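I have placed the structure first, in the form of structure tokens, so that the comments after it can refer back to it.
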Amino acid sequence: MRSKLLDVAEQGSVKAEVPAFEVGDTVDVHCRILEGEKERIQIFNGLVIARAGSGSRATFTVRRIVQGEGVERKFPLHSPRIAAIEVKRSGVTRRAKLYYLRERTGKAVRLKEKSR
Amino acid sequence: MVVGLLGRKVGMTQIFEPSGRVIPVTVLEAGPCHVLQLRTEPRDGYEAVQLGYLDKPRRLASRAARGHVAKLDSKRQRRRAAAGVESTAKADCEPQRFIRELRGPVDGCQVGQELKVDIFAEVKAVDVVGTSKGRGTAGVMKRHKFHGQRASHGVKKVHRHPGSIGCNTDPHHVFKGRRMAGHYGNARCTMRNLAVVRVDAANNLLLVRGAVPGPNGGLVIIRGTNKLR
């Protein structure tokens with residue numbers, strides 16, 4: 001069992017508030033990027049196909065199609081490099097990991113929009 | 001003074017630097033430890049500090065263990081006191097579950113003193129001694145990282161075997177030290193020069209960079225590193 005002392009040790013590495021998003025959501029991930037001295041924000045837009053881990057080790061995977069090629073990025077949820085996560089669209093899913101979307105292209109990738 | 005403590009491995013996690021870099025850390029619960037006894041050159045022939053960690057219920061401790069940490073009334077004690085023999089100093093604490101000696105100069109230490117994790121506040125790196133996870137009887141692939149044999153091409157039933165263990169007529173015996181299958185793990189193991197990432201005095205936690213031998217909850221000895229850069 002996970003010790004409570006681990007949570008104590010992770011304080012400071014875990015964000016107090018994590019934006020609510022789920023697998024199946026289409027999100028904008030605002031990443032801080034250092035270019036020399038300057039810092040700028042780059043947005044990675046895509047579909048969340050997996051969330052994994054707990055505590056400060058939690059991650060999520062975002063998939064998007066760039067020029068016909070599937071690109072996946074795995075982000076540490078609590079990384080200070082992530083400025084914000086914006087939910088653009090929510091899709092209905094029946095499973096926790098959407099790895100089956102990797103074999104699909106075009107129209108088949110679409111998810112039904114969640115009614116709010 | 002000896003810089004060291006006894007403790008317990010809590011587990012591994014990761015923490016973020018402000019830049020976003022991830023540091024893999026092992027969380028150790030270090031101390032508080034009681035100084036139970038001092039080993040000195042004239043009396044014992046060496047210098048060391050004996051530390052105790054974790055209280056043990058008195059009903060489970062032997063009379064010897066109880067007498068080691070506190071004065072017990074006994075006929076012998078009374079006779080010795082009457083004869084004017086000074087009894088040794090006692091820590092005056094509960095019987096301890098995990099007792100180990102740390103070699104080093106004892107100046108600045110007293111019996112009964114309580115050492116806490118803040119003694120590592122100025123320390124850059126530590127050595128952690130633990131007992132590695134026991135794997136029981138293990139084959140050569142797991143125990144010595146042998147490569148085994150091929151999956152196919154005529155290999156039959158010996159895919160995880162070591163292969164040849166030596167020559168035939170000439171030496172006429174297998175050389176000593178030949179690595180074979182056998183008991184693996186459950187042995188004392190030291191990780192040296194682990195960087196201290198954080199000292200949390202309020203919760204008796206010490207965060208060190210990297211892995212530490214043994215399972216979560218395993219007892220460990222933590223000391224200032226003896227590795228010289």
Side-chain angles (χ1 to χ4, degrees), chain A residues 1-19 21 27-46 48 50-62 71-86, chain B residues 5-33 53-55 98 116-118 120-121 126 128 130 133 194-220 222:
Chain A
M1 203 191 85
R2 190 181 150 91
S3 169
K4 285 187 181 104
L5 289 172
L6 270 184
D7 297 328
V8 174
E10 281 175 4
Q11 274 169 18
S13 288
V14 177
K15 286 177 185 168
E17 246 178 71
V18 177
F21 67 96
V27 293
D28 272 359
V29 183
H30 297 240
C31 320
R32 290 203 176 95
I33 298 206
L34 267 180
E35 279 175 345
E37 297 282 287
K38 268 196 182 161
E39 194 185 86
R40 68 183 179 86
I41 300 261
Q42 193 183 57
I43 292 173
F44 188 85
N45 170 276
V48 179
R51 288 187 69 161
S54 61
S56 68
R57 296 172 61 192
T59 59
F60 61 99
T61 310
V62 181
V71 175
E72 279 178 22
R73 262 185 89 173
K74 203 166 179 176
F75 294 97
L77 184 61
H78 296 284
S79 168
R81 288 258 180 106
I82 292 178
I85 303 165
E86 253 181 79
Chain B
L5 278 182
L6 308 179
R8 195 150 52 164
K9 173 170 162 180
V10 174
M12 284 197 77
T13 182
Q14 63 185 29
I15 59 173
F16 290 98
E17 277 181 6
S19 65
R21 257 173 86 111
V22 164
I23 314 172
V25 293
T26 304
V27 181
L28 302 169
E29 191 181 17
C33 293
Y53 175 62
L54 290 183
D55 291 348
F98 184 52
K116 294 204 163 166
V117 72
D118 51 23
F120 289 116
V126 292
V128 179
K133 283 183 186 172
L194 299 173
V196 174
V197 177
R198 194 193 298 159
V199 177
D200 184 348
N203 298 302
N204 294 315
L205 295 182
L206 180 73
L207 272 61
V208 297
R209 191 194 166 102
V212 160
N216 293 346
L219 294 166
V220 293
I222 310 154

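No experiment lies behind these values; they were computed from the predicted model shown. Any value given below was found using the heavy atoms of this structure, including those in side chains, with hydrogens, waters and symmetry copies removed. So you know, we letter chains A, B, ... as the sequences are listed, proteins then strands, and number each from 1.
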Checklist entry - Is a side-chain donor or acceptor of A:Ser56 paired with a backbone partner of B:Gln14 at a separation under 3.5 angstrom? => result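 Indeed, once roles are kept as given, a pair shorter than 3.5 Å links the two residues.
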Next on the checklist: If I take atom CD from residue B:Glu17 and atom OG from residue A:Ser13, how far apart are they, to the nearest 0.5 angstrom?
Outcome noted: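 Reported value, rounded in 0.5 Å steps: 10.0 Å.
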Checklist entry - Rounded to the nearest 0.5 Å, how far does OG1 of B:Thr13 lie from CG of A:Asp7? => result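 Here the rounded value is 8.5 Å.
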Item to check | Nearest heavy atoms of B:Phe16 and A:Pro76, plus distance in Å | outcome: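 Between these two residues, the closest heavy atoms are CZ-CB, 3.8 Å.
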Next on the checklist: With a 4.5 angstrom heavy-atom cut-off, is it the side chain or the backbone of A:Gln11 that approaches chain B, or both, or neither?
Outcome noted: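 A:Gln11 touches chain B through backbone heavy atoms alone.
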Checklist entry - If you count heavy-atom pairs under 4.5 Å between each of A:Arg32, A:Arg57, A:Arg81 and chain B, which one has the most? => result A:Arg57
Checklist entry - Quick one: which of B:Asp200, B:Val10, B:Asn204 gives a side chain to side chain contact (heavy atoms under 4.5 Å, CB included) with A:Leu5? => result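 Checked B:Asp200, B:Val10, B:Asn204 against A:Leu5; only one passes side chain to side chain contact (heavy atoms under 4.5 Å, CB included): B:Val10.
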Next on the checklist: Which atoms of B:Ile15 are under 4.5 Å from chain A, going by heavy atoms: the side chain, the backbone, both sets, or neither?
Outcome noted: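 Both parts, backbone and side chain.
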Checklist entry - Heavy-atom distance under 4.5 Å to chain A: side chain of B:Arg21, backbone, both or neither? => result neither
Next on the checklist: Is it true that, when you exclude B:Lys133 itself, more than 12 heavy atoms of the residues, nucleotides or ligands shown sit nearer than 6.0 Å to its NZ?
Outcome noted: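 Count not over threshold, so no.
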Checklist entry - Using non-hydrogen atoms and a limit below 4.5 Å, what part of residues 23-30 of chain B faces chain A? => result B:Val27, B:Glu29
